Peer 1: 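Supplied in structure tokens, the structure appears directly below.
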Amino acid sequence: MFAHVEPFAGDPILALVEVFNADDRPHKVNLSIGIYFDEQGHIPVMRSVQQAEARVVAKGGPKPYLPIEGAANFRSAVQRLLFGAGHRVLRDRRVATIQSVGSSGGLKVGADFIKRWFPQAEVWVSDPTWDNHRSMFEGAGIQVNNYPYYDADGGGVRFADMLEALQRIPKGSVVLLHACCHNPTGVDLSRTQWDQLIPLLKERALLPYLDLAYQGFGDGIDEDAYAVRALADAGASFFVANSFSKSMSVYGERCGALSVVCPDARQAEHVLGQMKFTVRRNYSSPPIHGGQIVAHVLDDADLRPMWEAELAAMRERILVMRKALHGVISAKVPGRNFDYFLTQRGMFSYTGLSALQVDRLREQYAVYLVRSGRICVAGLNSGNVERTAQAMAEVLAA
């Protein structure tokens, strides 16, 4: 019956983690998977989240199915986090929000929605982008194309080339954009660049689809929502999928949301209804537990500032590791500019290492990163950063 089914090649990042776990070298370093680790190399349990969970558990009670769109308190808390309390789009009831199974679930629901209601639209993603972006939209039956983004020589954004490409793509196309902390490069658009891009998107009748998985890891919670709020201020219609996996360290709880900003309340009501229909024929409704933890943290007068302080400390630790890596590798490889480690934002950096150099790092030095050369800076700590930088320097100098 299943003889025709082909084997699964495996996810390259998760497969690499399995190899890392099997490696018995005590000095091994995991810079592959996009998870925040603390100074001791552990996934942190945030005090704010721990206290919120204790309250959720203590409350007890029955566990009915949530509404298809998710819990009302979670959805309203997400809207205030993204747009700011009292934003006009919220007052005008122009935002349709669902609680999703992680931001990945939100991305997939949005992809299915686009295929149903914009059947001719193609999706354009940055070159490079998170691998699963392409998989999700292609899995929904949508053609996926690339627009220029990363400048491998200068370590920045090919912004002029990006604008030129978006000028030429068909009207009605969907443009997937990283709101902050670009995965995998760590290279973000500046506010000035967003302010240039948004009028083009509107003029060309392009539909932005923002992925905001790392809010708070770039410059701050509000600062990292700049693109979301600038698009809303400009009167644009757009999608935004966001996640709490990293910012609250609740990876396995799969807490995310998908919001769609619409021209008016009537259209938002219809969009919400059709997203509910999409969810119903997929996973039916989201789980209770993780979403209520998130809602408690975001809405509680004591827990919210505690969470913001904890998230700021995580962001600052990543910056310290960036500076340490930059300092050591700059000293070890004189004459080469590594300033891109300092200008890239969030958990990831593109190192400029080739696939063969990445292989050598893994085989000879037990330093694990994906073959694109992307590293998760949050995997560094004071105990391994100098050794990692030394290994990278030796590989680059060979």
Side-chain angles (χ1 to χ4, degrees), residues 66-121 123 137 140 142 171-177 179 198-199 201-212 215 225-244 255-286 291 294-295 298-299:
L66 283 182
I68 297 172
E69 68 273 26
N73 63 337
F74 175 89
R75 294 165 56 232
S76 59
V78 165
Q79 290 182 346
R80 290 190 295 272
L81 178 71
L82 292 177
F83 299 97
H87 194 285
R88 181 176 176 180
V89 294
L90 301 182
R91 295 198 310 269
D92 294 346
R93 304 173 68 87
R94 290 169 44 206
V95 184
T97 298
I98 63 164
Q99 177 182 344
S100 61
V101 183
S103 62
S104 296
L107 286 164
K108 184 59 168 65
V109 169
D112 289 343
F113 179 94
I114 288 167
K115 181 61 178 177
R116 171 66 179 85
W117 296 103
F118 302 87
Q120 303 306 315
V123 173
F137 286 101
I142 301 173
K171 289 190 175 183
S173 296
V174 177
V175 181
L176 191 133
L177 299 154
I198 289 171
L201 296 171
K202 290 190 65 180
E203 175 191 334
R204 295 285 302 152
L206 302 175
L207 182 54
Y209 199 135
L210 300 188
D211 188 352
L212 181 54
Q215 187 175 2
Y226 179 81
V228 176
R229 298 175 187 182
L231 278 164
D233 291 341
S237 296
F238 61 98
F239 290 74
V240 53
N242 70 297
S243 169
F244 297 96
C255 301
L258 175 66
S259 299
V260 186
V261 180
C262 304
D264 56 52
R266 180 173 175 272
Q267 293 182 57
E269 182 182 356
H270 292 178
V271 167
L272 179 61
Q274 290 300 327
M275 288 200 299
K276 288 167 63 175
F277 181 45
T278 303
V279 168
R280 178 59 175 159
R281 58 188 179 182
N282 189 331
Y283 54 84
S284 193
S285 64
V294 170
L298 293 180
D299 283 344

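All heavy atoms count here, side chains included; hydrogens, waters and symmetry mates do not. Note that the structure is a prediction, hence the values are computed from the model and not measured.
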Peer 1: Salt-bridged, K108 to D112, with N to O below 4.0 Å?
Peer 2: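 Here K108 pairs with D112 in a salt bridge, since their nearest N and O are under 4.0 Å apart.
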Peer 1: Would you say that V174 contacts I142 through its side chain, given a criterion of any heavy-atom pair below 4.5 Å between the two side chains?
Peer 2: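 V174 does not reach I142 side chain to side chain.
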Peer 1: Which pair of heavy atoms, one from G291 and one from C255, lies closest together, and at what distance?
Peer 2: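 For G291 versus C255, the nearest heavy atoms are N-SG, 3.8 Å.
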Peer 1: Once you round to the nearest 0.5 Å, how far does CD of E69 lie from OG of S285?
Peer 2: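 Reported value, rounded in 0.5 Å steps: 10.0 Å.
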Peer 1: Output all residues satisfying ring-ring contact (aromatic ring centres under 6.0 Å, His included) with F137, sequence neighbours left out; order by chain, then residue number.
Peer 2: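 Only Y209 meet the ring-ring contact (aromatic ring centres under 6.0 Å, His included) criterion with F137.
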Peer 1: For N73 versus D299, what's the shortest heavy-atom pair and its separation?
Peer 2: O-OD2, 4.0 Å
Peer 1: So, taking the atom named CD1 in I68 and the one named CE in M275, what distance separates them when rounded to the nearest 0.5 Å?
Peer 2: 12.0 Å
Peer 1: Considering only distance and modelled atom types, tabulate donor-acceptor pairs under 3.5 Å from the side chains of residues 231-244, sequence neighbours left out.
Peer 2:
| from | atom 1 | to | atom 2 | distance (Å) |
| --- | --- | --- | --- | --- |
| D233 | OD1 | H87 | NE2 | 2.7 |
| S243 | OG | S245 | N | 3.0 |
| S243 | OG | S245 | OG | 3.4 |

Peer 1: Search all heavy atoms of V95 against all heavy atoms of A268 and return the closest pair with its distance.
Peer 2: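 Shortest heavy-atom contact: N-CB, 4.2 Å.
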Peer 1: List the atom of G172, the atom of L206, and the distance in Å for their closest heavy-atom pair.
Peer 2: N-CD2, 4.2 Å
Peer 1: Quick one: closest heavy-atom pair of Q99 and Y283, and the distance?
Peer 2: O-OH, 3.8 Å
Peer 1: Side chain to side chain contact (heavy atoms under 4.5 Å, CB included) for F118 and V123? Distances and angles first, verdict last.
Peer 2: CA-CA 11 Å; F118 302 87; V123 173; over 6 Å; no
Peer 1: Please report the closest heavy-atom contact between S100 and L258, naming both atoms and the distance.
Peer 2: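 Minimum heavy-atom separation between S100 and L258: OG-N, 4.1 Å.
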Peer 1: To the nearest 0.5 Å, what is the distance between CZ on R93 and CG on L272?
Peer 2: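 Here the interatomic distance stands at 10.5 Å.
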Peer 1: How long is the straight-line distance from OG of S259 back to CG of L210, given to the nearest 0.5 Å?
Peer 2: 10.5 Å
